[in-house]
Student: 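Have a look at this one before I ask anything.
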2 protein chains.
Amino acid sequence: MTQQTNRRGKVTRQDVAREAGTSVAVVSYVVNDGPRPVAPATKQRVLDAIERIGYRPNGIASALARGTTRTFGFVVPNISNPFVASIAHQVEREVFDQDCVLLLGDSADDAAREAALVRNLLDRQVDGLLYMAVTQDVQLDRATASGTPVVVVTHANSDGLTASVRIDERAAADAAMTHLIDVHGQRELAMVTGPESMMNSALRLGGARDAATRAGLTIPDEWTVHAPYTREAGSAAAAVLFGDGGAHPTAVLTGNQEQAIGLVSALHRRGLSVPEDVAVFCLNGTDDSEFLVPALSTVTQPIAEMAREALRILSRPDHYAAEPIVFDFELVPRESCGCGGSA
Amino acid sequence: MTQQTNRRGKVTRQDVAREAGTSVAVVSYVVNDGPRPVAPATKQRVLDAIERIGYRPNGIASALARGTTRTFGFVVPNISNPFVASIAHQVEREVFDQDCVLLLGDSADDAAREAALVRNLLDRQVDGLLYMAVTQDVQLDRATASGTPVVVVTHANSDGLTASVRIDERAAADAAMTHLIDVHGQRELAMVTGPESMMNSALRLGGARDAATRAGLTIPDEWTVHAPYTREAGSAAAAVLFGDGGAHPTAVLTGNQEQAIGLVSALHRRGLSVPEDVAVFCLNGTDDSEFLVPALSTVTQPIAEMAREALRILSRPDHYAAEPIVFDFELVPRESCGCGGSA
DNA sequence: TTGAAAGCGCTACCAT
DNA sequence: ATGGTAGCGCTTTCAA
């Protein structure tokens, strides 16, 4: 494989044209299969030349000329959160299926970083931006101003202008709590939800309270803890809920799987068993839930479909729905809430 | 904020120059803080103009002109694997700290996809490529041919030409198995390692056998299972190792955390408890390990340092080390091997 | 069917 | 200190 070099040491379309004895335009036509037809013989000459000198098209140059990058950006709060990772995995699948590539921006739960990431991605001319928020509400005006389509994943943006895919978090929390109450007869209820600053936290807590109220019960304020969506916070919540030797809840709903893992781990260390002593249910579980000990009861989101829909929206921004697209969640009761022994 | 538009409906540097009454060159100088100085007054005029008309530099155009994209590519086998995700998280951190952005390619454990991803990323002119293999050996010649620096993360490429950061997997397996034998007096040993097709599998198994041999023990072939690095496979391995009611191992080392999770989950369903009935140790654990029930004993890799080093190599490809850079692993015994009760 | 040439938006050299 | 301008590699219109 002969390597020709231009100034920058790269093989360019120029080189191919020279080698094949044609014009640069023709090379473009064969590489892109259009927009003009090329005689079979010529085409073969070009293909051979490409092979011979090892030409690869420069994606940056074509992006500039074409005005499209075939790249999507995805800003996530923290890729090491399994729920986030599984969404990213699905999104990447969809993106790849469209012959595009995903620019992942991990904001490490930092709002400033997140803003920088959004700006950066936009500057890179992504064809669309997926967004999973750290902060309650985002500065997405920059994006909309730039004309780049955006879809908020998993949350709804209160501006009512940005497309979004999500489930009804309030209903999900309600359903989980209702299960705990109706199926397992739980009456000493607690909830570990997210930080007060996050919109979801209130929604989830609201749903849980709805369920309790409907059953003539309440979730006492002392048994309502706001905490980050981490395992550490889940463990810490256990200290609050089960700290003194006194009365403690017998059923806990957590805002996400990580909190539940931390909680269960802490209960284990305290010698309390799940679900015998305490029933645990969590929102937004991942495939992990099934393999935890005990298997974790959870509410799941249809992330594959959500990812697909999100990409669909980005591809036809004209079909923009300011109304959030709401998907159905699924209640998956397992061992940790008292359902099924060794299923 | 007035929006000027050119043909494509974007605000360009032209518009800024016109608005500020200067040349386009000057606009470049102020945006990039160089390479020529600009008078404070002029600079302010430009800045104002930028603000006024809402200008944002086009990263694609500047990448083309500059010949550098400030973008790194990272090809991973599956982002929903927590070990992979935590590495990606660290890599993203490092990349961001260099004011760059990460193009994540998730090959979904598919070799063809992986090849496509590598090609795609290279075509996009990434300034460097990080690579975590699905397949044992990769077609990285394309990359090296293109002159793009590459570093293989977590594995070593046998071509001996590509830089890599990793730990000594063989020694890691040896250390874990030795712990099981020496500290806990285990003698009925089993190993769940990766698929035969993967280089690591043999290394890990080799290390485990070294340890056994040194103690005058063996890991019987019936208790050596090759399986994918998934929870499902870990559970399936349990069926093999503990299937009939007969003799079973009392200590199992797994190739990764996912396998261990699947294994422990299956043991739990079978009514066997960890570590009382079976001690479990795994390689390459993540932060998750600590919160599992029981807390999982593991060998960890210093992923933050490895990520940093990988990026360092990409930034100075001249310092290329064909020799893999080997990091120290850390043995973290917890509950699952029999260490510490409720630590 | 093929080729020439005008951009795409920005950088940076060379003048002034 | 500022401005003109020649590229960067590719796409695509228009003419041949």
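Owing to the predicted nature of the structure, the values given are computational and were not obtained by experimental measurement. So you know, we letter chains A, B, ... as the sequences are listed, proteins then strands, and number each from 1. These values consider heavy atoms only, across backbone and side chains, with no hydrogens, waters or symmetry-generated copies.
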Student: Tell me, please, which residues at least two apart from A:R45 pass salt bridge (Lys or Arg N to Asp or Glu O under 4.0 Å).
Tutor: none
Student: Counting side-chain heavy atoms from C-beta on, which of D:dG3, C:dA5, D:dC8 comes nearest to B:A65?
Tutor: D:dC8
Student: Would you please name every residue forming a salt bridge (Lys or Arg N to Asp or Glu O under 4.0 Å) with A:D123, sequence neighbours left out?
Tutor: B:R56
Student: Whether the B:E114 and B:Y131 side chains hold a donor-acceptor pair (N or O, under 3.5 Å, no angle test) is what I'd like checked.
Tutor: yes
Student: At a cut-off of 3.5 Å, list every protein nitrogen or oxygen paired with a nitrogen or oxygen from nucleotides 13-16 of chain D, distance to 0.1 Å.
Tutor:
residue	atom	partner	partner atom	Å
D:dT13	O4	A:Y29	OH	2.8

Student: Check step by step if side-chain contact (heavy atoms from CB on, under 4.5 Å) holds for B:I313 and B:I325.
Tutor: CA-CA 10 Å; B:I313 295 175; B:I325 302 189; 3.7 Å; yes
Student: C:dC10 C1' sits how many Å from B:L64 CG, rounded?
Tutor: 8 Å
Student: What is the nucleic acid contact for A:S28, judged by heavy atoms within less than 4.0 Å: base, sugar-phosphate only, or nothing?
Tutor: base
Student: Would you indicate what A:V31 reaches in the nucleic acid, counting non-hydrogen atoms under 4.0 angstrom: base, sugar-phosphate, or nothing?
Tutor: nothing
Student: Could you work out, with salt bridge (Lys or Arg N to Asp or Glu O under 4.0 Å) as the rule, every residue matching B:D33, not counting sequence neighbours?
Tutor: B:K43
Student: Can you measure A:R124 atom CZ to C:dC10 atom P for me and round it to whole angstrom units?
Tutor: 15 Å
Student: Heavy-atom nearest nucleotide on DNA chain C for B:I60 versus A:S23: which residue maps closer to 5'?
Tutor: A:S23
Student: B:Y55 has an atom OH; how far is it from atom P of C:dG9, in whole Å?
Tutor: 10 Å
Student: Within 45° of the axis and under 6.0 Å from the centre of the six-membered ring of B:F96, does NZ or CZ of A:R113 qualify?
Tutor: yes
Student: Without decimals, in angstroms, what is the distance between A:K10 NZ and D:dG9 C1'?
Tutor: 12 Å
Student: Once you round it to whole Å, what is the distance between C1' of D:dC10 and CG of A:N58?
Tutor: 8 Å
Student: Please enumerate all residues that pass salt bridge (Lys or Arg N to Asp or Glu O under 4.0 Å) together with A:R124, with sequence neighbours excluded.
Tutor: none
Student: When you measure from every atom of DNA chain C, which of residues 39-50 of chain B have a heavy atom less than 4.0 Å away?
Tutor: none
Student: For the pair made of CZ in B:R66 and P in C:dC10, what is the distance, rounded to whole Å?
Tutor: 11 Å
Student: Are A:F327 and A:E305 packed together at the side-chain level, in the sense that at least one heavy-atom pair is separated by less than 4.5 angstrom?
Tutor: yes
Student: Whole Å only: how far is the CG atom of A:N32 from the C1' atom of D:dT12?
Tutor: 10 Å
Student: Specify the separation, in whole Å, of atom CZ of A:R18 and atom P of D:dG9.
Tutor: 12 Å
Student: Salt bridge or not between A:R312 and A:E309? Use side-chain N to carboxylate O under 4.0 Å.
Tutor: yes
Student: In terms of side-chain heavy atoms of A:T22, which of D:dC10, C:dG9, C:dG3 is nearest?
Tutor: C:dG3
Student: Could you please name the option among D:dG3, D:dC10, C:dG9 that lies closest to any side-chain atom of B:V26?
Tutor: D:dG3
